[in-house]
Amino acid sequence: MKNKSEQCLTAQELTEVQANVPVPEESHVRLSPRVALGEDARKGIASLLGGRFSGMYELSKKTHERFGLHQVGVPGQAPGFPGIEQAARSFTPDDFVLASEYQKPALLISPPDKTREQLFAAISAHHNPGARKWPKIYEADHAGCQPEDQYRGYIVEGASRILIRPDDDDSLVLPLIQRIVRKQERRESNEWGMTGDLYALLAMQSIVRGQMIDRETFTVFDGEPVVANCFVPVGHCRNEKPAMEWLPSNIGKMGHGRFRRVLGGRPIDV
């Protein structure tokens, strides 16, 4: 049995693990053409995703307000929450075509300067019974990407329970790490992996709309590194408490584990 010091990663070891995690090509993310809304922007937005985008935006805005993430614009200081046109223009026409295939697509607007720990803390502060604390197996200051100083837009699969489609190449009987590798290899060029901060935002949205996600399933965070080559981060909402924890990467036959597709990751001009 390992002692406490052997159970923790050093900063160097964690850096080496993160270096092997594939990430979207940033040039593609920043330079792809935006949605052209034309002069009649309202009409253009009303048609996006079969008319669902406006409702997705309103849910995202209400979520920020409910959990204390909403920023109010002040002259000379940080800009306020993005408007619906700004959010829509952060995606491309191809993005919306792809998102139409998602299971209950949800718009996530990632707030600036918020770590996943702060987002989970916001759940505990504004939701009863709060978020469940998870075991700390590494130093959070050495993990993941640092929060940015601007908003970013994502479209993710927001269904309360993700269904395995007949044409899905995922195999529930494979070890978890093999499923992640297959998933990464088959992502579309404009898709990202699920991360803890995005999951916290999605859990918040599910609370606001009254349909909690992952009460019986769990979501695999295929956008985060495997810790110490042994543990995969996942998220779930047992007993109404959103939580993040780690499972052994070699665990197999986890029929409750699901992937949620993630699209975008573009900065929103405000």
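Just so you know, these numbers use all the heavy atoms, side chains as well, and skip hydrogens, waters and symmetry mates. Here the structure is a predicted model, which is why all the values come from computation and not from measurement. Starting from 1, each residue takes its place in the sequence as its number.
Counting all heavy atoms, side chain and backbone alike, G223 lies closest to T195 at O-CG2, 3.7 Å. In plain terms, the two heavy atoms of L198 and G193 that are nearest each other are CD1-O, 4.5 Å. Closest approach of R260 to G158, counting heavy atoms only: NH1-C, 3.7 Å. When every heavy atom of Q150 is checked against every heavy atom of P267, the shortest pair comes out as NE2-CB, 3.2 Å. Considering every non-hydrogen atom in both P112 and D149, the closest pair reads CB-C, 3.4 Å. Closest non-hydrogen pair, A131 versus S124, comes out as N-OG, 3.2 Å.
Side chain of S60 to backbone of Y57: no donor-acceptor contact under 3.5 angstrom is found. Panel note: side chain Q86, backbone G83; a donor-acceptor pair is recorded below 3.5 Å. Using modelled atom types, no side-chain atom of E185 and backbone atom of R182 make a donor-acceptor pair closer than 3.5 Å. Proximity of a side-chain donor or acceptor of Q178 to a complementary backbone N or O of P175 within less than 3.5 Å is not detected.
Rounding to the nearest 0.5 angstrom, the gap separating the CZ atom in R161 from the OG1 atom in T217 is 6.0 Å. Expressed to the nearest 0.5 Å, how far OG of S249 lies from CZ of R179 amounts to 13.0 Å. In this structure, CZ on R132 lies 13.5 Å from CD on E240, to the nearest 0.5 angstrom. Going from atom CD of Q211 over to atom CD1 of I213 covers 11.5 Å, rounded to the nearest 0.5 Å. To the nearest 0.5 Å, atom OH of residue Y102 and atom CD1 of residue I162 are 10.5 Å apart. The SG atom of C237 sits 8.0 Å away from the CG atom of L202 when rounded to the nearest 0.5 Å.
Put simply, F221 and W192 are part of the same group of oily side chains (I, L, V, M, F, W, Y) that touch within less than 4.5 Å, one to the next. Linking ILVMFWY residues whenever their side-chain heavy atoms come closer than 4.5 Å, directly or via other members, places I251 and F259 in the same cluster. Follow the hydrophobic side-chain contacts under 4.5 Å out from L176 and you never reach L174; the two are in separate clusters. Grouping the Ile, Leu, Val, Met, Phe, Trp and Tyr side chains by contacts below 4.5 angstrom, directly or via other members, places L247 with V220.
P129 places none of its side-chain heavy atoms less than 4.5 Å from the side chain of N239. In this structure the side chain of V227 reaches within 4.5 angstrom of the side chain of W246, judged on heavy atoms. At least one side-chain heavy atom of R258 sits under 4.5 Å from a side-chain heavy atom of I164. Side-chain atoms of L119 and M204, non-hydrogen and from C-beta on, do get closer than 4.5 Å to each other. You'll find the side chain of F218 stays beyond 4.5 Å of the side chain of E245, heavy atoms only. At a threshold of 4.5 Å between non-hydrogen side-chain atoms, the residues L263 and E188 do not count as touching.
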Decide side chain to side chain contact (heavy atoms under 4.5 Å, CB included) for T219 and H236; before the verdict, give the C-alpha distance in whole Å, the side-chain angles of both, and the deciding distance to 0.1 Å. CA-CA 6 Å; T219 294; H236 57 74; over 6 Å; no
Working for side chain to side chain contact (heavy atoms under 4.5 Å, CB included), residues V234 and Y199: CA-CA 9 Å; V234 303; Y199 189 81; over 6 Å; no
Show the numbers, then the answer: is there a side chain to side chain contact (heavy atoms under 4.5 Å, CB included) between Y154 and L107? CA-CA 6 Å; Y154 302 82; L107 172 67; over 6 Å; no
Verdict with supporting geometry, D222 and K183, salt bridge (Lys or Arg N to Asp or Glu O under 4.0 Å): CA-CA 8 Å; D222 55 317; K183 181 68 174 177; 5.8 Å; no
Checking T92 against D94 for the side-chain hydrogen bond (donor to acceptor under 3.5 Å, both in side chains) test, could you report, in this order, the C-alpha distance in whole Å, the side-chain angles of both residues, the deciding distance, and whether it holds? CA-CA 5 Å; T92 72; D94 288 343; 5.1 Å; no
Take R238 and D214 through the test salt bridge (Lys or Arg N to Asp or Glu O under 4.0 Å) and record every step on the way to the result. CA-CA 7 Å; R238 303 288 187 271; D214 288 330; over 6 Å; no
Would you please test F120 and D197 for side chain to side chain contact (heavy atoms under 4.5 Å, CB included) and show each step? CA-CA 8 Å; F120 274 99; D197 54 336; over 6 Å; no
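Taking the six-membered ring for Trp and thresholds of 30 and 60 degrees, Y151 and H64 have ring planes inclined between 30 and 60 degrees apart. In this pair, F96 and F53 present their aromatic rings perpendicular. The plane angle is above 60°, beyond the 30 to 60° band.
Shown here is H126, whose NE2 atom has more than 12 heavy atoms of other residues, nucleotides or ligands within 6.0 Å.
Checked options I155, I109, L48; the residue passing with M56 is I155 (criterion: side chain to side chain contact (heavy atoms under 4.5 Å, CB included)). Each of T63, L69, V156 was scored for a side chain to side chain contact (heavy atoms under 4.5 Å, CB included) with L201, with one residue passing: L69. Partner of S160 under the side chain to side chain contact (heavy atoms under 4.5 Å, CB included) criterion, chosen from E216, M212, R209, Q103: R209.
With salt bridges taken as basic N to acidic carboxylate O contacts below 4.0 Å, one links E101 and R261. Taking the charged nitrogens against the carboxylate oxygens, D95 and R266 do have a contact shorter than 4.0 Å, which makes a salt bridge.
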